[in-house]
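Just so you know, these numbers come straight off a predicted model, no measurement behind them.
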2 protein chains.
Amino acid sequence: MRAARRGWAEIAEEARRRIYRRDWSPGDLIPTEAALAVEWGASRGTVNRALQVLAAEGWLDRRRRAGTRVALHPTPPATFAVPLTRDEVERIGRRYGYALRRREVLAPPPGIAQRLEMGAAPGPALHVVALHLADGRPYAHEDRWINPAAAPGILDADVAAVSANEWLLANVPYSGASVSVGAEAAGPEAAEALGCAVGTAILTMDRTTWATAAGVTHVRTTYPPGHRMWSLP
Amino acid sequence: MRAARRGWAEIAEEARRRIYRRDWSPGDLIPTEAALAVEWGASRGTVNRALQVLAAEGWLDRRRRAGTRVALHPTPPATFAVPLTRDEVERIGRRYGYALRRREVLAPPPGIAQRLEMGAAPGPALHVVALHLADGRPYAHEDRWINPAAAPGILDADVAAVSANEWLLANVPYSGASVSVGAEAAGPEAAEALGCAVGTAILTMDRTTWATAAGVTHVRTTYPPGHRMWSLP
DNA sequence: TAGTGGTCTAGACCACGAT
DNA sequence: TCGTGGTCTAGACCACTAC
């Protein structure tokens with residue numbers, strides 16, 4: 001039906017159109033790659049690339065021999081960027097500031113030790129509490145634990161000058177992270193730092209980061225009342 | 001150095017190893033695709049595929065002519081799945097239930113009308129308030145507005161029997177969504193539905209969904225105290 | 001067992017942008 | 001200008017799985 005198109009991106013776009021126009025309805029089997037390659041005047045490799053993108057986005061379910069079907073619940077996962085706080089602040093055009101509020105070396109509580117895979121009788125860890133500022137006002141409060149075994153040199157780092165996270169990014173290999181968000185009533189320390197009443201509803205984000213095998217750091221970041229995290233477009 | 005490897009996935013794995021072992025450090029220029037293809041005994045196309053994956057994950061910055069560099073802040077965005085609530089409940093092994101609490105047709109408040117692109121003098125919209133249950137207990141409370149112009153037939157749908165979201169997924173094309181999360185104090189309606197005190201800190205998720213051009217639905221979902229959203233592994 | 005998607009290859013041309 | 005990544009192609013083989 002269609003004349004020669006150009007590139008896998010345009011092919012993917014055409015396929016998306018067919019899906020949300022219901023030319024291809026949820027559950028439907030769509031033509032094979034070979035057939036679409038002929039129809040669109042492209043090679044099978046190009047069609048394959050386009051359809052793999054749609055499958056990764058959640059629009060299609062593909063299985064060898066069984067063919068490609070339109071997904072029943074085409075709801076692509078939402079993606080939230082969780083960048084370095086400095087970058088996040090500067091990207092919205094505000095001046096970044098950083099203030100260390102507490103630094104201590106002591107054995108972490110059991111929950112933290114478990115997340116950092118420090119064993120049942122954990123040695124001392126670095127505990128850092130700091131405030132990130134945007135145009136001089138509180139932007140985020142962070143309460144961080146760092147496993148010195150996984151981050152050699154951190155105990156000598158000047159975490160008053162550079163945020164612990166930036167030091168880690170520059171100095172420690174990173175292989176993965178787990179993130180969660182939730183709502184909590186502000187505790188005394190966060191409330192005072194963020195300038196709100198104790199008990200106010202605030203957004204909290206927990207992030208645990210690993211190197212190859214060991215847990216490197218666990219951080220709880222809390223944001224002032226009203227803060228929202230937005231998905232990427 | 002290395003014997004023939006197999007496939008772009010293994011090549012990507014090897015490249016990731018070099019990055020977090022600091023064989024390739026942040027800011028470094030890495031060898032060209034052609035050079036790596038020779039070293040790894042693969043074709044350039046295979047190396048290209050692997051490096052494109054790493055670039056999409058945030059590990060590499062690639063530019064024509066300038067070559068490929070290791071990113072300075074390699075922090076891949078966290079991805080949260082935002083599935084159909086029914087699927088979410090069933091995936092954690094609990095029995096799903098749904099209870100309609102309110103259904104009315106009236107002009108939406110200005111903020112909602114704006115998100116749904118209904119203009120300055122919006123006509124009536126469908127307002128649905130419902131509760132999702134897991135093993136009979138409140139799992140999520142949703143307050144939803146639907147633009148009937150973008151969802152023809154919704155006014156005749158039986159939203160007491162099937163959740164409005166499921167009806168929409170089955171009947172209305174979907175082209176994109178915007179999601180945000182935040183923390184709020186529970187209002188009277190949500191508090192009563194979720195069985196908590198007014199003012200308790202609860203997680204809220206807003207989602208606006210569009211068809212090709214028009215806004216289809218805006219929903220605010222609130223979760224019981226303590227609920228957390230987790231990133232995908 | 002046969003049909004479908006997943007992938008690799010070698011070669012080619014193009015687009016971008018550093019120099 | 002010209003080196004680098006981005007992409008297309010045609011052909012091939014393989015892996016999975018419905019039949």
Side-chain angles (χ1 to χ4, degrees), chain A residues 1-16 18-19 23-72 74 76, chain B residues 1-16 18-19 23-72 74 76:
Chain A
M1 162 180 267
R2 252 150 258 284
R5 320 207 119 257
R6 308 222 175 110
W8 62 265
E10 286 190 45
I11 289 181
E13 200 47 51
E14 169 64 16
R16 268 188 280 261
R18 293 192 181 187
I19 292 170
D23 297 339
W24 296 339
S25 298
D28 277 6
L29 201 57
I30 75 170
T32 65
E33 294 183 349
L36 290 171
V38 170
E39 181 188 351
W40 283 326
S43 72
R44 186 169 78 90
T46 304
V47 173
N48 177 277
R49 174 78 187 255
L51 297 187
Q52 283 196 15
V53 169
L54 293 216
E57 290 174 355
W59 297 105
L60 298 176
D61 287 329
R62 320 193 75 207
R63 287 212 315 267
R64 286 161 156 131
R65 168 79 200 197
T68 298
R69 290 180 184 278
V70 178
L72 287 174
Chain B
M1 164 183 264
R2 253 151 256 282
R5 323 208 116 254
R6 306 222 175 111
W8 62 265
E10 286 190 45
I11 289 182
E13 202 44 53
E14 170 64 17
R16 267 188 281 261
R18 293 193 180 185
I19 292 169
D23 296 339
W24 296 338
S25 297
D28 278 4
L29 201 56
I30 74 171
T32 65
E33 294 182 350
L36 290 172
V38 170
E39 179 188 352
W40 283 325
S43 73
R44 186 167 79 89
T46 303
V47 173
N48 177 276
R49 173 80 186 253
L51 296 187
Q52 282 195 15
V53 168
L54 293 216
E57 290 174 355
W59 297 105
L60 298 176
D61 287 330
R62 319 192 74 206
R63 287 209 315 264
R64 286 159 155 134
R65 168 79 200 199
T68 298
R69 290 179 184 279
V70 179
L72 286 174

Residues forming a salt bridge (charged side-chain N to carboxylate O under 4.0 Å, His left out) with Arg69(B), sequence neighbours excluded: none
Those residues that, when tested against Arg62(B), pass salt bridge (charged side-chain N to carboxylate O under 4.0 Å, His left out) (two or more places apart):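 With sequence neighbours excluded, Arg62(B) shows a salt bridge (charged side-chain N to carboxylate O under 4.0 Å, His left out) to Glu33(B), given in chain and number order.
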task: Compute the bend angle of the helix from dT1(C)-dA18(D) to dA18(C)-dT1(D) from the end axes (five pairs per end), rounded to 10°.
output: 10°
field: Touch class at under 4.0 angstrom, heavy-atom based, for Gly67(A) against every strand present
entry: sugar-phosphate
Any idea which heavy atoms bring [X] and [Y] closest together, and the distance?
| X | Y | result |
| --- | --- | --- |
| Pro26(B) | Val70(B) | CA-CG1, 3.7 Å |
| Ala50(B) | Ala12(B) | CB-N, 3.8 Å |
| Ala42(B) | Val47(B) | CB-CG2, 4.5 Å |

query: Under a 4.0 Å heavy-atom cut-off, which of residues 25-33 of chain A touch DNA chain C?
result: Thr32(A), Glu33(A)
message: Using a strict heavy-atom distance below 4.0 Å, which residues from residues 47-56 of chain A are in contact with DNA chain C?
response: Asn48(A), Gln52(A)
Enumerate the protein-to-nucleotides 14-17 of chain C contacts in which both atoms are nitrogen or oxygen and the separation is below 3.5 Å.
unit_1: dA15(C); atom_1: N3; unit_2: Arg64(B); atom_2: NE; d: 3.2

Are side-chain heavy atoms of [X] and [Y] found at a separation under 4.5 Å?
| X | Y | answer |
| --- | --- | --- |
| Leu36(A) | Ile11(A) | no |
| Gln52(B) | Arg49(B) | no |
| Ile19(A) | Leu60(A) | yes |

Can you measure [X] atom [atom1] to [N] atom [atom2] for me and round it to whole angstrom units?
| X | N | atom1 | atom2 | result |
| --- | --- | --- | --- | --- |
| Trp40(A) | dA10(D) | CH2 | C1' | 19 Å |
| Ile11(B) | dC8(C) | CD1 | P | 7 Å |
| Arg69(A) | dT4(C) | CZ | C1' | 13 Å |
| Arg62(B) | dA18(C) | CZ | P | 15 Å |
| Asp61(A) | dC16(D) | CG | P | 18 Å |
| Arg44(B) | dG3(D) | CZ | P | 14 Å |

query: What residues, two or more places apart in sequence or in another chain, satisfy side chain to side chain donor-acceptor pair (under 3.5 Å) together with Ser43(B)?
result: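 Partners of Ser43(B) under the side chain to side chain donor-acceptor pair (under 3.5 Å) test: Thr46(B).
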Name all residues meeting the side-chain contact (heavy atoms from CB on, under 4.5 Å) criterion together with [X]; count only those two or more places apart in sequence or in a different chain, and write none if there are none.
| X | result |
| --- | --- |
| Ala35(A) | Pro31(A), Thr32(A) |
| Ala71(A) | Asp61(A) |
| Asp28(A) | Ser25(A) |

task: Rounded to the nearest 0.5 Å, what's the gap from CG on Leu54(A) to CH2 on Trp8(A)? Could you check?
output: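 Leu54(A) CG to Trp8(A) CH2: 9.5 Å, rounded to 0.5 Å.
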message: Within this structure, what is the CG-OG1 distance for the pair Asn48(A) and Thr68(A), rounded to the nearest 0.5 Å?
response: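 So the CG of Asn48(A) and the OG1 of Thr68(A) are separated by 9.0 Å.
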message: Side-chain N or O of Thr46(B) versus OP1/OP2 of dT7(C): is the shortest distance under 4.0 Å?
response: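 Negative; the distance criterion is not met.
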message: Is there a side-chain contact between Thr68(B) and the phosphate of dT4(D), meaning an N or O under 4.0 Å from OP1 or OP2?
response: no
